[in-house]
Amino acid sequence: MSEARRQIERVARLSYGRLVAILSARLGSPHRAEEMLAESLLAALETWPERGVPDNPEGWLLKTARRKAIDAWRREATAHAGQQEIIAMIEERTAQVGDGAADPRLNLMFVCAHPAIDAAIRAPLMLQLVLGLDARRMASVFLVAPGTLGQRLTRAKAKIETSAIGFELPDEADRPARVADVLDAIYAAYAVGYNGMPAGDRKAADLTQEAIWLVSLICAELPGEAEAHGLFATMLFAEARRPARLDPQTGALVPLGRQDPANWNARLLDDAERALANAARHASLGRYQLEAAIQAVHAARRRTAETDWDELERLYRGLVAIAPTIGARTGHAAVLIEAAGPETALDALDAMPEVQRRSYQPWWATRAHALARLGHKADAHEAFARAIGLSDDEAARRYLWTQADMLRPR
Amino acid sequence: MQYIIMNYTPPADHPDAQSVRDAADGEVWGAYTKALVEAGILVGGEALHPSATATTLRVRDGSRDVQDGPYADTKEQLGGFYVIDVPDLDTALEWAARNPAAASGAVEVRPVITRSQ
């Protein structure tokens, strides 16, 4: 491969999101920004091998994309007479140089997680616009038909354009709620990646890395946002435990409580604890800091060889109070088995709405564990069977079989 | 909206009718079927005899051509199907991902044309 080609690939890989962000802000249209960037990358492929790589490749691509955008507008505008002032306005807008302050990708992330954008599409939209992931690859991980995801992304980008969602960072008053939306979208991307991973899905594993990168960008650009540090810590804790998640012999999932801390990545755990300490410097408590604190208690087992169940129970109670999701409530119930006994855990499980829990695999697995602890073998076996039927990965099924198998009457 | 979920599995997994029956009542397929029933979305479904029992027929230029074996000789074969009633394709895919054939072979999901639509 020629030097020029290598350069183009490097720029496309490293700077894609930044260039789309800058262009989107200037053109007011992420869709057009992507189009124009694609055209200027094409132009680079044509000219760089002959004329050499310019000193500032990103600057060259931006300038080319901007020129192409103006040309395109001119072409469209000549079809509609009397739009000269619009062209003048656009030229003025596109001539503005980035003020060099914040990373423009941050602005783009706020646009993608804007309240006007459907919450379900925010994560894939962010991954596509900021990181350049393509719809096909994301569709598998998000478990959506590729064509459907493509349509939804196109619709979301059109919405940004037609409703002229601003590219300025939200002001102080709106900041906390808007940051929360951005973090939720990043966490959604991380969660689908993490859950899709046990089967060894590379696409899913990559997605967790991208999500970690996105949240680290927020931590760097908005260091005062405690929740961003909390989310960063949560993800690093989960990453650190990844090597211990599967039994190398059987391929079965190993639940957190049975993982050997020696298999955890100590360096990542240190990083996670540091990120949590960064969050603690700011006097605000939120969902992600609590999630990170829960992870930190589990991680402390590497030093103390014990799990502090009472502390976990307190933290989960706090989490359920501010974010009563089905996941948090089920997690709380699982901890209650150890902290307060299986009867209390079953009460907490039964208190959850039937429609939410009916097809939620972790609810059935937790219920099975609580019943097994009480010695209700037949009921426990049935609950394990339900959890198996609701599992979408082989590793979880294998773990649940061995649990169910131990309860079988002999 | 009704969707058919077709299970394509390696024929070696269930070489005869008895092994299909055992699997259907077993811990994996049985648990999946039960989860569909308990969720209240199962419309119907059947398990099929192994693909080796299939007979394929074509009529070309007025003459019949009957062959032993399934229509397409692929690595995975249609082993059975479920029909479910769920609000949208996203939900259907969620259930398809839980289908044991998704891990061992492939699962095809298609909307069913119903009379009322």
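Quick note on labels: first sequence line is chain A, next is B, and so on, each numbered from 1.
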Heavy-atom distances under 4.5 Å only: say whether B:Ala39 touches chain A with side chain, backbone, both or neither. both

B:Trp95 versus chain A, heavy atoms under 4.5 Å apart: side chain, backbone, both or neither? side chain

Please report the shortest heavy-atom distance between A:Asp405 and B:Glu27, naming the atom on each side. OD1-OE2, 4.4 Å

Of all the heavy-atom pairs spanning B:Ala103 and A:Arg397, show the shortest one and how long it is. CB-NH1, 4.3 Å

Run the salt bridge (charged side-chain N to carboxylate O under 4.0 Å, His left out) test on A:Arg152 and B:Asp90 for me, step by step, so that the C-alpha distance in whole Å, both residues' side-chain angles and the decisive distance to 0.1 Å come before the verdict. CA-CA 13 Å; A:Arg152 288 178 193 165; B:Asp90 289 359; 3.1 Å; yes

With only heavy atoms counted, which part of A:Ser391 is less than 4.5 Å from chain B, the side chain, the backbone, both or neither? backbone

Checking A:Gln361 against chain B: side chain, backbone, both or neither under 4.5 Å from a heavy atom? neither

Is the number of heavy atoms from other residues, nucleotides or ligands under 6.0 Å of [X] [atom1] greater than 12?
X	atom1	value
B:Asp68	CG	no
A:Glu210	CD	yes
B:Glu46	CD	no

In Å and rounded to the nearest 0.5 Å, what is the NZ to CG distance from B:Lys34 to A:Leu390? 10.5 Å

Distance col, row B:Glu94:CD vs A:Asp392:CG, nearest 0.5 angstrom, shows 8.5 Å

Assert top hit (heavy-atom pairs under 4.5 Å, partner chain A, pool B:Asn99, B:Val28, B:Leu93) equals B:Leu93

Is there a side-chain contact between B:Glu38 and A:Arg386 (heavy atoms, below 4.5 Å)? yes

